[in-house]
Amino acid sequence: MYGDFAGEVKDKVDLSGKSPAQNKLMDLKEAIGRFVRPGMHLHIAHTYLRPNAAIYEICRTFRGRDPRFVVSALGFTAAMVLFVSEGLARRLISSFLGDAYPFPGPNRIYQEAYARGKIEIENWTVLTLTQRLLAGALGVEWLPTHSLAGSSLEKENARDIWCTESPDGGKTLLIRALRPDITILHAWAADPAGNLLISPPYAEGPHGVYAAREGAIATVEHLLATEELKKYAHFVKVPGYLVRAVCPAPLGAHPAGADNYGLKDLEAYAEDEEFIRELRDACTNEAGLKKWTEQWVFGVENHEAYLKRLGYKKIWHLKGKAASDSWISELDELADGLDSAVLANPAERLIINAAEIIKEKVGANGYRTVLAGIGAANLAAWKAWFDLRREAYPLDLMAEVGFFGYTPRPGDPFIFNFRNIPTCTMLADIMTVLGSLVGAESNRCLGVLGAGQIDREGNINSTLIPEHRLFLVGSGGACDVALGAKEAVVVTPISPMRLVEKVGYITAPGIRVRTLVTDRAVFEKKKDEATFTLTRLSLPAGKGELEALAEVRANCGWQVQVSPDLTILEEPSLSQLKDLRIFDPRRHFLAG
């Protein structure tokens with residue numbers, strides 16, 4: 001066979017799995033010591049898995065050395081506070097800095113460091129930070145974006161934003177490429193050569209690795225032979241030549257979770273809510289955080305010792321909790337504690353009011369997708385989605401990290417709940433969801449957002465209060481959604497601290513924010529008006545219209561204009577409340 005060419009053919013098709021690739025296997029401590037240097041720009045990648053084991057090791061290596069890192073990451077949450085509390089970073093580049101799971105909020109560590117001038121915070125959005133990494137990965141200096149225009153972020157980052165006239169005479173914003181020195185990431189698996197297998201949803205994707213000047217350090221859950229890795233070639237997103245070190249670190253994302261959707265041979269594990277809550281509590285005071293860090297970071301030699309201290313019972317519990325149907329038994333355990341009261345508290349009234357508005361908007365305008373922010377906005381979207389599903393309306397829920405067409409599971413109201421991943425119609429990334437499904441002209445998306453503050457024009461502030469130098473949490477994807485979706489609804493409790501005459505910082509411009517929903521009233525922009533009018537009013541038990549209206553005025557920071565067609569909102573029914581309460585049995589958001 002093949003005649004005189006038999007030898008040549010055999011040489012090309014029978015390589016017996018041998019590879020001349022370099023072996024990149026390395027202990028994590030050695031890798032950090034060899035490749036991370038003081039003064040570097042470190043990018044902490046969010047490919048949906050978070051490299052927490054590597055973060056701990058960086059802290060152990062550089063504690064007390066004043067390395068003055070610049071650190072970029074989509075979000076600074078959980079253990080990432082150590083970059084600030086241990087004095088390792090001089091500048092943070094991000095879209096969110098605070099506590100996220102199981103419910104969002106500011107974190108004292110970031111707030112105090114910012115207020116005292118100990119840390120510089122460079123604010124971006126989820127989409128634009130990803131786009132900056134993409135520009136670096138593509139080898140271009142500037143990339144256009146549809147986000148940021150008219151926000152305070154545009155002015156604040158003028159050095160890295162270029163506003164120019166496009167060929168058709170319109171305004172175009174270009175953002176500068178972001179090129180870190182080295183990127184730290186956690187992957188599901190790798191071969192010894194450093195080819196990295198990453199499971200969807202991909203969040204920011206591999207762009208941070210491609211953009212990095214000195215490649216990447218990768219911690220991994222599993223090691224696979226190259227021939228075994230090739231079975232999953234469609235999940236391999238980073239080639240080995242870009243990786244400096246492969247560091248085995250099972251449960252390397254803990255206390256975050258790791259979903260294995262699409263990789264059933266690899267064991268998943270859930271978020272460790274108890275552990276995260278302990279860290280959140282520790283961050284409220286210096287003594288508590290010092291005790292926590294001595295126990296979990298500096299009091300253990302390495303990642304193996306960390307897992308030993310965590311204990312096999314906790315580890316097996318987290319692996320069991322990662323099962324897609326575990327919510328059923330978990331909800332059954334919590335069922336006795338579910339509230340069956342007929343009357344809604346303010347938080348429940350807020351969410352039910354918003355769900356009804358969402359259904360109206362979707363039906364009237366033919367929206368086919370909803371992207372909601374974390375918290376009350378998200379629960380309102382879930383409630384509306386279930387109601388519309390009962391009516392056979394084809395609406396898809398999205399989440400910015402890459403969820404599309406998911407069915408929200410009861411028991412955990414966190415927007416990025418891992419148990420929702422197997423229910424997705426599509427698993428994608430930030431560029432697909434925020435860049436196209438929200439931002440493209442073809443989008444049919446309704447945005448539903450929360451707000452730290454909102455003014456009468458619909459401008460949102462979730463970043464900072466300049467006059468008090470008080471840092472909140474940042475934009476996240478709010479600006480991307482507010483400027484990309486066809487229309488936006490804002491959901492927030494009524495309060496003079498939240499509803500203000502004019503926000504001091506515009507996280508997201510209000511040009512497409514048409515409706516503001518509170519627990520006591522609904523405000524809408526009529527026709528082409530740029531400011532809100534009160535159109536719907538809630539009447540709490542025992543109060544008349546005049547009294548209720550007076551209370552709304554007292555809790556609103558602007559002069560309230562009342563529609564002549566003012567309507568009265570119905571109080572939530574027990575059926576509606578039961579629908580809502582099963583999503584948040586621990587009452588993270590429903591506490592009132």
Side-chain angles (χ1 to χ4, degrees), residues 77-78 98-107 255 257 270-284 317 321 326-356 358 372-387 397 399 407-420 448-452 462 473 490-495 497-498 517-520 538 540-541 569 571-592:
T77 60
D99 295 320
Y101 184 80
F103 52 88
N107 184 289
E271 306 96 334
D272 191 341
E273 180 176 340
E274 181 183 14
F275 190 99
I276 295 171
R277 293 291 291 270
E278 288 177 0
L279 174 54
R280 287 181 70 149
D281 291 343
C283 286
T284 60
H317 170 73
K321 190 179 176 182
S326 64
W327 65 271
I328 299 173
S329 55
E330 186 172 333
L331 188 62
D332 185 57
E333 287 185 1
L334 297 168
D336 290 341
L338 287 172
D339 186 2
S340 58
V342 176
L343 293 179
N345 67 23
E348 292 170 331
R349 188 181 296 111
L350 167 69
I351 294 167
I352 297 297
N353 288 347
E356 293 300 308
I358 293 169
I374 197 168
N378 183 55
L379 282 174
W382 286 7
K383 174 68 173 86
W385 182 86
F386 267 103
D387 287 346
L397 293 171
T407 298
R409 294 303 194 196
D412 185 347
F414 187 54
I415 191 170
F416 306 126
N417 185 347
F418 277 72
R419 291 155 171 164
N420 295 336
V448 185
L449 303 170
S462 60
V473 293
V490 170
V491 182
T492 191
I494 194 166
S495 158
M497 294 293 291
R498 289 182 179 270
V517 183
T518 77
D519 49 307
R520 301 296 299 275
S538 177
L569 293 163
E571 281 295 293
S573 68
L574 181 57
S575 175
Q576 288 175 311
L577 293 172
K578 285 182 176 179
D579 265 359
L580 180 59
R581 288 166 180 167
I582 64 169
F583 285 116
D584 189 11
R586 297 179 180 86
R587 302 187 72 76
H588 292 317
F589 300 104
L590 300 182

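Throughout, numbering of the chain's residues begins at 1 and tracks the sequence. Note that the coordinates shown come from a computational prediction; the quantities given were computed from them, not determined experimentally.
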Atom pair CG (Asp272) and CD (Glu278), whose distance is rounded to the nearest 0.5 Å: 8.0 Å

Within-4.5 Å side-chain heavy-atom neighbours: Trp327 and Asp412: no

N/O donor-acceptor pair under 3.5 Å between Arg349 side chain and Pro572 backbone: no

Contacts of Asp387 that satisfy side chain to side chain donor-acceptor pair (under 3.5 Å) - sequence neighbours left out: Lys359, Lys383, Arg390

Where Pro102 and Glu273 come nearest, the two heavy atoms and their spacing: CG-OE2, 3.8 Å

4.5 Å side-chain heavy-atom contact, Pro104 and Phe589: yes

Atom pair CD1 (Ile276) and CG (Asp99), whose distance is rounded to the nearest 0.5 Å: 9.5 Å

Stepwise side-chain contact (heavy atoms from CB on, under 4.5 Å) test for Ser538 and Glu571: CA-CA 7 Å; Ser538 177; Glu571 281 295 293; 3.3 Å; yes

Residues in ring-ring contact (aromatic ring centres under 6.0 Å, His included) contact with Tyr101, at least two apart in sequence or another chain: Phe414

Residue pair Ile374, Phe416: steps toward the side-chain contact (heavy atoms from CB on, under 4.5 Å) verdict: CA-CA 9 Å; Ile374 197 168; Phe416 306 126; 5.7 Å; no

Any donor-acceptor N/O pair, Asn420 side chain to Arg409 backbone, under 3.5 Å: yes

Heavy-atom pair with the smallest gap, counting every atom of Ala376 and Leu350: CB-CD2, 4.0 Å

Straight-line distance of Asp584 CG to Trp382 CH2, nearest 0.5 Å: 9.5 Å

Between His317 and Glu274, a side-chain donor and acceptor under 3.5 Å: no

Test item: Lys321 and Glu271 side chains (from C-beta on) under 4.5 Å apart, heavy atoms: no

Sidechain-backbone polar pair: Arg581 side chain, Leu338 backbone, donor-acceptor under 3.5 Å: no

Close side-chain approach of Asp339 to Arg587, heavy-atom, < 4.5 Å: yes

Minimum-distance pair of heavy atoms, taken over all atoms of Leu574 and Ala341: CD1-O, 3.6 Å

Sub-4.5 Å side-chain heavy-atom contact between Pro408 and Leu397: yes

Asn107 side chain to Thr77 backbone, donor-acceptor under 3.5 Å: no

Closest non-hydrogen atom pair, Ile351 against Leu590: CD1-CD2, 3.5 Å

Heavy-atom pair with the smallest gap, counting every atom of Ala372 and Ala381: CB-CB, 3.8 Å

Nearest-0.5 Å distance, CG of residue Leu334 to OG of residue Ser329: 10.0 Å

Atom of Glu348, atom of Leu343 and distance for their closest heavy-atom approach: OE1-O, 4.1 Å

Asn353 side-chain N/O to Arg520 backbone N/O, donor-acceptor pair under 3.5 Å: no

Beyond-backbone contact of Pro413 with Asn378, side-chain heavy atoms, under 4.5 angstrom: no

Aromatic Phe103 / basic Arg280 pairing, under 6.0 angstrom, 45° off normal: yes

Euclidean distance, Leu331 CG relative to Ile582 CD1, rounded to 0.5 Å: 6.5 Å

